[in-house]
Amino acid sequence: MTTHTPPGRARILTGDTPTGQLHLGHLVGSLESRVASQDEFDCYFLIANMHAYTTRADKPQGIRESTLEIVKDWLAVGIDPQRSTFVLQTEVPAIAELTWFFAMLLPFNRVMRNPTLKTEIDDKGLGDTYSFGFPMYAVGQCADILAFRPQLIPVGEDQVAHIEMCREAARRFNQVYCGVDPHAEDSEHEALGGVFPIPAAKVGRIGRLVGTDGKQKMSKSLNNAIFLTDTLKQIKKKMGQLYTGRQTMDEPGDIDNALFEYVRAFIRDETRVKELEQKYAAGDNIGDGHIKVEVAQAIDELIAPIREKRAELAGEAGDKVVLEILREHAAKANAVAEETLARAKAAMKLDFFGRELRFPG
Ligand code: ATP
Ligand code: MG
């Protein structure tokens, strides 16, 4: 089966690691633009379940549960399995094989200098005992992406460094194995015989939503997230923890603080946002507590429909729905990735015997 991108319909790939549930950072950083892209683009959304093992090898049950929960989050926000393809990473063997190829093209020190990996090592407290597989995930991510030969990758800001590495891996492969001139423009690589397009990152409406700790990026693993399943009560409690350092209602406040990042991200009435900014900056009798409640209500309005849809997918019945989608989509995902792998192997003089994968019907 040949799977060229249909003319005029560029391909998108992005995904999530099943290390917990999805949160507001995912919504404004990536999920919203995924939902909006479904008609215009040929969309692939990947669950990076192998990558979850790079920091949690001893928690297989949690990773499996989280895998299903994230797909439920996708369905609840409006990602449509009729229009988009869901990719379960460990069911697509070509990704693991391509990871090896790219690992040979990226210098070790280049991978280890990746600023996102360094931040993650600090933020997640990985110290110097992280697994060998942990930095490998950044190389694996090149394969996740390039296996689907996409043009665009909708991501949060933290992923831009990873995408840059992926672009380097693609260029290098095309130069070393496909004879693409090192001076060629990125946009020409495929036309010049390169197996891979050089894909571009597309950062969402908010590139980096700060967590409710007011410091680090909102993250599944950092205990600073408002989840898409949280109730108004939980949202209010978490917003209440956001520390601004401001003491009284008449103290002029800093409208660039974490609280106002939330105001601008979630209060959709622009006039109200301006009014809050003016009053806050002037110290005009407006308390942090009041603003937090207003933000919490705006968040609640935004996620209430998601929560409702999510509740319909609760429990084992929902698990079955999700597994059925993943099973069906595995065939399509593999058709694309196998074709990429075959082309890459041919370019590398590794096209010995060929193969076909079979899936249970
Ligand atoms: P983990 O703590 O396990 O790294 P995470 O919360 O960072 O989890 P990922 O699965 O690593 O989530 O990221 C999935 C996608 O969501 C990526 O494109 C990432 O850039 C984006 N993203 C994650 N957190 C945020 C955030 N706080 N603001 C904007 N985008 C985000
Ligand atoms: Mg992350």
Side-chain angles (χ1 to χ4, degrees), residues 12-35 37 43-57 59 62-63 65-67 69-71 73-74 77 79 86-89 114-126 130-131 133-135 137-138 140-142 144-145 150 152-166 199-230 238 242 258 261-262 264-266 299 302:
I12 273 184
L13 179 129
T14 189
D16 303 299
T17 327
T19 43
Q21 276 179 253
L22 297 189
H23 52 63
L24 289 179
H26 296 115
L27 191 63
V28 296
S30 182
L31 295 171
E32 282 177 353
S33 75
R34 292 183 208 178
V35 173
S37 300
C43 293
Y44 288 76
F45 301 123
L46 177 133
I47 298 276
N49 58 334
M50 184 42 63
H51 295 182
Y53 284 79
T54 66
T55 52
R56 298 167 191 231
K59 297 190 176 62
I63 295 172
E65 284 165 15
S66 178
T67 297
E69 293 303 310
I70 285 182
V71 178
D73 284 330
W74 288 357
V77 297
I79 295 180
F86 294 9
V87 183
L88 180 56
Q89 190 184 44
N114 180 314
T116 302
L117 282 185
K118 286 188 174 171
T119 311
E120 279 187 276
I121 289 166
D122 289 344
D123 287 357
K124 295 177 182 171
L126 302 178
Y130 54 81
S131 66
F134 175 71
Y137 104 75
Q141 194 170 305
C142 302
D144 294 335
I145 295 167
L152 268 186
I153 315 164
V155 283
E157 239 168 58
D158 65 306
Q159 291 296 312
V160 172
H162 281 343
I163 306 306
E164 199 43 54
M165 209 166 81
C166 166
K202 179 172 177 258
V203 174
R205 155 166 97 84
I206 310 277
R208 178 192 182 273
L209 183 72
V210 67
T212 53
D213 55 7
K215 293 192 190 87
Q216 287 165 310
K217 156 185 115 58
M218 184 175 283
S219 192
K220 298 185 219 94
S221 351
L222 296 177
N223 202 19
N224 65 358
I226 295 176
F227 295 106
L228 301 181
T229 48
D230 280 352
K238 289 179 181 178
L242 192 74
E261 281 189 40
Y262 280 77
R264 285 184 289 271
F266 298 108
I299 293 173
L302 179 69

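Remember, it's 1-based here, ligands and their atoms both numbered in the order they're listed. We number each residue from 1, following the sequence as shown. Keep in mind the model is a prediction, meaning the values are calculated, not measured.
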Show every donor-acceptor pair shorter than 3.5 Å between a side-chain atom in residues 153-163 and any protein atom, with sequence neighbours excluded, or say none if there are none.
| from | atom 1 | to | atom 2 | distance (Å) |
| --- | --- | --- | --- | --- |
| Gln159 | OE1 | Gln141 | NE2 | 2.9 |
| His162 | ND1 | Asn114 | ND2 | 3.0 |
| His162 | NE2 | Tyr137 | OH | 2.8 |

For atom CG of Asn223, is the number of surrounding heavy atoms from other residues, nucleotides or ligands below 6.0 Å larger than 12?
no
Keeping the roles fixed (side chain from Ser37, backbone from Ser33), state whether a donor-acceptor pair exists under 3.5 Å.
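A pair under 3.5 Å: yes.
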Do Thr14 side-chain atoms and Phe45 backbone N/O form a donor-acceptor pair below 3.5 Å?
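It does not hold such a pair.
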List the residues meeting side chain to side chain donor-acceptor pair (under 3.5 Å) with Asp16, not counting sequence neighbours, and say none if there are none.
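Side chain to side chain donor-acceptor pair (under 3.5 Å) list for Asp16, sorted by chain: Arg34, Trp74.
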Partners passing side chain to side chain contact (heavy atoms under 4.5 Å, CB included) against Asp123 (at least two apart in sequence or in another chain):
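By the side chain to side chain contact (heavy atoms under 4.5 Å, CB included) rule, Asp123 matches Thr119, Gln216, Leu222.
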Close-range residues for ligand 1, whose non-hydrogen atoms fall below the 4.0 Å threshold
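Around ligand 1, where the cutoff is 4.0 Å for heavy atoms, the contacting residues are Gly15, Asp16, Thr17, Thr19, His23, Gly25, His26, Gly29, Glu120, Lys124, Val155, Gly156, Asp158, Gln159, Ile206, Gly207, Arg208, Leu209, Lys217, Met218, Ser219, Lys220, Ser221.
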